[in-house]
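In what follows, a single structure is set out as structure tokens and then discussed.
Convention: sequence-line order gives letters A, B, ...; per-chain numbering from 1.
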There are 2 protein chains.
Amino acid sequence: MTENKLDTEEKIKAAAAKLFTQRGYAATKTRDIAEEAGINLSLLNYYFRSKEKLFNLIMGEKIRQFFGIVVPVITDASLDLELKIELFVEKYIETLTQNPDLPIFVLNEIRNDPKHFVEEIGANKILMSSSLMNQIRAKNPEVNPVHFIMNLMGMSVFPFLSKPVFMASQVVDENSFRALMEERRKLIPIWMKAIVESK
Amino acid sequence: MTENKLDTEEKIKAAAAKLFTQRGYAATKTRDIAEEAGINLSLLNYYFRSKEKLFNLIMGEKIRQFFGIVVPVITDASLDLELKIELFVEKYIETLTQNPDLPIFVLNEIRNDPKHFVEEIGANKILMSSSLMNQIRAKNPEVNPVHFIMNLMGMSVFPFLSKPVFMASQVVDENSFRALMEERRKLIPIWMKAIVESK
DNA sequence: AAATGATTAAAACAATTGTTCAAATATTTT
DNA sequence: AAAATATTTGAACAATTGTTTTAATCATTT
């Protein structure tokens with residue numbers, strides 16, 4: 001039955017995505033994926049040929065998820081800078097709240113295999129030539145706009161990267177972290193404005 | 001000879017530190033460490049009992065390195081807020097320029113084993129009760145000071161976490177990245193001031 | 001020079017892990 | 001219904017990997 005086939009294939013992909021993002025490539029065993037998916041180990045190779053091919057598939061999806069979120073925002077010339085920032089922050093905090101393991105996984109695996117990232121994100125010059133970058137340059141021509149994007153991403157993404165540290169230190173718990181992120185959704189645009197206009 | 005003993009022990013530790021921080025625990029093989037150190041495989045177990053014990057040793061050192069840098073700064077009540085920020089940024093950018101793999105390794109492994117982190121950093125309440133936090137609270141009582149520390153760390157550390165992305169995207173190369181970080185050393189304190197005083 | 005103890009090397013072991021195979025079961029097509 | 005095809009299963013294989021063992025080498029002491 002064709003539906004059953006999609007079912008198991010999706011089950012394997014979901015299990016693989018969960019474990020790969022949580023543990024990384026090397027620490028994830030094919031038997032763990034099979035168990036998590038509730039399927040026989042052989043089916044993994046039957047459907048995806050090898051652990052590596054399955055990983056590359058998941059990896060590609062995660063890369064597109066992580067970087068694709070904001071592409072429509074940063075490229076849309078009809079949005080002014082202020083609105084772009086608001087949407088950028090909102091999209092990231094929303095997506096990462098649902099997928100807290102996404103950033104550390106993506107950053108890790110890009111470092112391990114930068115080529116795969118370049119192949120996956122066909123147009124890698126999108127960022128520098130984007131409407132967002134031009135608007136930043138116009139606003140403050142004296143500062144390299146890369147600083148701006150590092151600040152914007154840093155303030156949005158870093159909290160999720162460092163969440164385990166703040167949790168372990170008992171600085172936040174699951175609920176207060178969520179509340180903090182809600183606050184940041186409104187605060188980061190204000191801070192970014194202050195940064196761009198500073199000095 | 002006792003000097004030779006220290007020599008090989010240090011060689012193994014250096015090799016282990018390099019490979020563990022670059023690849024993580026699971027992807028690092030004991031045989032790779034031995035080869036990198038230029039020693040026989042058996043010596044690893046002879047000196048450190050097991051891969052896991054060796055890893056915990058390295059891990060502890062890296063955690064202390066990553067978090068220890070700024071403890072003297074954030075706890076010293078004789079430094080005013082502005083100077084604290086300057087020193088904080090300077091220390092981090094300096095240390096991470098020398099050890100670019102440090103943050104992603106530390107954040108990764110803390111997520112994998114938060115308990116080890118808590119045991120390693122005995123006093124985990126240092127941050128919240130630090131002189132730095134009190135100075136922030138005094139300056140802007142309306143905003144949770146955790147936001148402030150996330151911004152400060154995010155702006156300082158995130159560039160190193162995302163460096164492989166910007167390199168692969170050809171947004172920066174090794175030299176321009178270094179130059180950017182030099183700029184940030186001066187800019188982040190200015191931006192942080194703008195943030196704290198915003199609204 | 002012989003003996004002792006520390007250090008190093010090579011080989012082997014046992015468990016793990018990715019993958020394949022052959023048979024069984026289920027589904028679709030003729 | 002029979003044949004053909006697709007899916008699932010359990011066992012097995014081969015390579016990898018952390019660790020241990022046994023013997024050899026080296027430096028130091030007697």
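One interatomic measurement links the two molecules: CG of A/N40 to C1' of C/dA26, which rounds to 15 Å at whole-angstrom precision. Counting to the nearest Å, the P atom of C/dT7 and the CD1 atom of B/I12 are 12 Å from each other. Between the CG atom of A/N56 and the C1' atom of C/dG18 there is a distance of 15 Å, given to the nearest Å. The CG-C1' distance, from A/L43 to C/dT19, rounds to 13 Å in whole Å. Between the C1' atom of C/dG18 and the OH atom of A/Y47 lies a distance of 19 Å, rounded to the nearest Å. Between the CG atom of B/L19 and the P atom of D/dT17 there is a distance of 13 Å, given to the nearest Å. In this structure, CD of A/E9 is placed 10 Å from P of D/dT8, rounded to the nearest angstrom. For the pair B/K29 NZ and C/dG18 C1', the computed distance is 12 Å after rounding to whole Å.
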Between the protein and nucleotides 19-25 of chain D, which nitrogen or oxygen pairs are less than 3.5 angstrom apart?
| unit_1 | atom_1 | unit_2 | atom_2 | d |
| --- | --- | --- | --- | --- |
| D/dT19 | OP2 | B/K51 | N | 2.8 |

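For B/D32, the side chain to side chain contact (heavy atoms under 4.5 Å, CB included) criterion is met by B/L19, B/R23, B/K29, not counting sequence neighbours. Legend: residues meeting side chain to side chain contact (heavy atoms under 4.5 Å, CB included) with B/D101, ordered by chain and number and at least two apart, are A/R111, B/T21, B/Q22. Legend: residues meeting side chain to side chain contact (heavy atoms under 4.5 Å, CB included) with A/T30, ordered by chain and number and at least two apart, are A/L41, A/L44, A/K51. Residues satisfying the side chain to side chain contact (heavy atoms under 4.5 Å, CB included) test with A/S42, not counting sequence neighbours, are A/N40.
Screening residues 69-91 of chain B for salt bridge (Lys or Arg N to Asp or Glu O under 4.0 Å) gives B/E90-B/R185 as the qualifying pairs, with residues at least two apart or on separate chains.
Heavy atoms of other residues, nucleotides or ligands lying less than 6.0 angstrom from CD of A/E61 number more than 12.
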